[in-house]
Each structure stands twice: as C-alpha cells, then as structure tokens.
Amino acid sequence: MALEEPGKVEQVMDAPTIRYNGVFDFNGLYRMMYNWFFKQRYEFHEDLYKEKIDTIGNELELKWRAEKKITPFIKYIINVEFHLWNMMEVDVIKNGQKVKMVKTRMQIIMKASTVADYSQRFKESNLTKKLYHILRTKVIDKEMMLVYMDRLTYIVYEFHAEIKKFLGTDTSSNAY
Amino acid sequence: MAEIKTLIDGKQVVYEGLFSLKELYRAIDKWFWERGYDKQELKNFEDVTENEKQLILEILPYKKISDYAKIEIRIFMIFSKLTDVEVERNGVKAVLNKGRADFSFDCYLVTDYEHKWETRPIYYFLRTVFDKFVFRVYTAAFEKEAVKDCIEIEGEIKAFLNMNRF
C-alpha cells in the first residue's frame, strides 16, 4: 500500500469554472480579486502573465497562486487560472459617465488544495514517513476532511460568488 | 473508483416564459442548503450579447449520508434567449427575465466514495457481496432517499416557474 507523502498537495474540490462573454470592467475585476486575497491574508503569487497582441483582440492568460498557512502543519492553496480571448477595449456610458471597459470571452477556473506538513518535517527518514502515514490516514483524517477541507471549499465558493456578483450575473447568491 | 449507481437519468423539464433567474437560483441554492447538501457548482457559463443573454449552469450538490454512501444530484440548466422585462405586480414594478429554461436532472448513489474497498480484488469482491446481499436494506433506503430528494427539487423548480405564469 502506497504511503501518504508529507507535503503532498491534496485537491479539495472539483474546479468550478466561470465563463463570461460580454462587456465588463476587467481592471476592476482584477483589483477586486487581488484585494480579496489581500484581506483574507493570503500570500499572493502571479505565476504566469502571458499576453498576445492581435488585431482581432488580445489574448491574455494569467495564473495565480494564493497560499495561507492555517496552522504550523496545514496550508491552504487556491489556484486561479484566467484565460481571455478577443479582448478589446470599448467605451461605455455608465451612470452618465464614459468608462473604459473590455469586451471579451473570459474563462476563470479555480482550484483549491490543502497541504499537510508543508515544511516536510516528516520526510527525514523512512520511520518518520511511516509515522506521517499513520498520522494522516488514521489520526487526523476526519479532522482534515471535516474541518480544513470543508472550510476551504466554502471559502472558495464565497470567492466564486464575489466574482459572479462583480460580473453582474443572476447566479451570484450563495445560501452557504 | 467508487461504485456509482444511476437512479435517475436525464429527467427533463422545459419552461418558456417569464421567471426571475436570480430568485430561481437563490431558491435552488437554499433548498439544497436546508437539506444538508454540500455545494458543488461545476459550470457557470454566461454569454451576454446586445439584445439577449444565454446562461449554462451545471451543479452537482452532494450529501454524505454515511462514511460509505453519498447522494449526488446533478442539475444541468440551459437558459436561452433571456431578456429583461419590467412587470407590474400588485402595483410594484419588478424586473423579470423572459426566455427559455431547460433543466436536466440526474441522481446518483455513490458508495465507497473514499475508495477504501477497492484497493485489492478481495476487498472489491467483499464490497459487492455485502452491498448486494447483506446491506441490501440500507442500500435500498439510501436509493429511496436519493430519488425522493431529486423528485422534490424537480417539483420545487416546477412550482417556482409556474408561479410566474400569467
């Protein structure tokens, strides 16, 4: 039977995907999402920023990774992947004022994972690896699932609802 | 891989007319929350054009009824040709959506979702025998609960949509 690896990234949920095709304030969305991570005290990393300029509209790819150490043993990681196609700046009259917005097709995929023993203290020797396996599968298994993974799932859904609210969709409410 | 039994496969509901998408989504979300289901929204695709919008939504809320079995209800929704319409009800103006709504319901009973009984062939064999003969009563009860919940949410959605018929 394969032993549980210390420091293994465990995916918590199926990646919810948002696709939006229309006009919206992309700069505002970017700022809102960044500020959300900042307020929640996540360590923010932009792993990829790729922009392709084209006459029919730019293509933009972004990959974000936000990490937060919940305890000295457990860490949350939220990955957000953006992909925007046919991005074009348009001028829109909003509340009597001219505002710059973006007309594009956008896809946002969010993934959430937990990491136990992120410092890999149990990776020292075979004995500590076996101890970790017993700890992870027998001692803290339920606690990981019910306390940490469940909580992270709902944190991501809260973020998911904030994004939909910003985009002005009708499906932005969240009973949870 | 966990054992997945399909109890309801592709039950369709189609509606054309006035409804409030915001309230409908809220009602579905609240219904699952009240019954202890965990949220799982897989797809939320929105296409906004000048005159109308289209929305594709797929949700798969689940409920772990024991450490061995869980119920999953999948609702696949397509809202097309949606436009905003202002309607007056009892002297109060409200903005509703007019368009077509297609719903598809699936219901699954997933057993051994923690994959504890499939690591070896002998475990798999024991699991299958126990599921079919020893725990038959419990499995049947779980299936009944899953089907009941799926039919109830279908009824809720139909009742909600029918409320807006003029």
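Letters A, B, ... are given to chains in the order of the sequence lines, protein chains preceding strands, and every chain is numbered from 1.
- Neither the backbone nor the side chain of B/Ile56 comes within less than 4.5 Å of any heavy atom in chain A.
- For the pair B/Lys39 and A/Tyr176, the cation-pi test (distance below 6.0 Å, angle within 45°) is failed.
- In this structure, chain B has no heavy atom under 4.5 Å from any part of A/Met106.
- With a 4.5 Å cut-off on non-hydrogen atoms, B/Phe32 touches chain A through its backbone and its side chain both.
- When the candidates B/Lys53, B/Glu41, B/Lys43, B/Glu23 are compared by the number of heavy-atom contacts under 4.5 Å with chain A, B/Glu41 comes out ahead.
- Ring planes of A/His83 and A/Trp85: parallel class, angle under 30° (limits at 30 and 60°).
- Residue contact with chain B, scored on non-hydrogen atoms closer than 4.5 Å, is absent for A/Lys103.
- Ring pair A/Phe166/A/Tyr20: centre-to-centre distance not below 6.0 Å.
- Within the 4.5 angstrom heavy-atom criterion, no atom of B/Leu24 approaches chain A.
- For B/Asp38, the parts sitting under 4.5 Å from any heavy atom of chain A are the backbone and the side chain alike.
- The side-chain tip of A/Lys68 points at the ring of A/Tyr42 from less than 6.0 angstrom away and within 45° of straight on.
- A distance below 6.0 Å separates the ring centres of A/Phe44 and A/Tyr34.
- Of the atoms belonging to A/Tyr154, it is side-chain heavy atoms, and not backbone ones, that fall under 4.5 Å from chain B.
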message: Evaluate B/Tyr37 against B/Asp149 for side-chain hydrogen bond (donor to acceptor under 3.5 Å, both in side chains), listing each step before the verdict.
response: CA-CA 11 Å; B/Tyr37 277 79; B/Asp149 279 350; 2.6 Å; yes
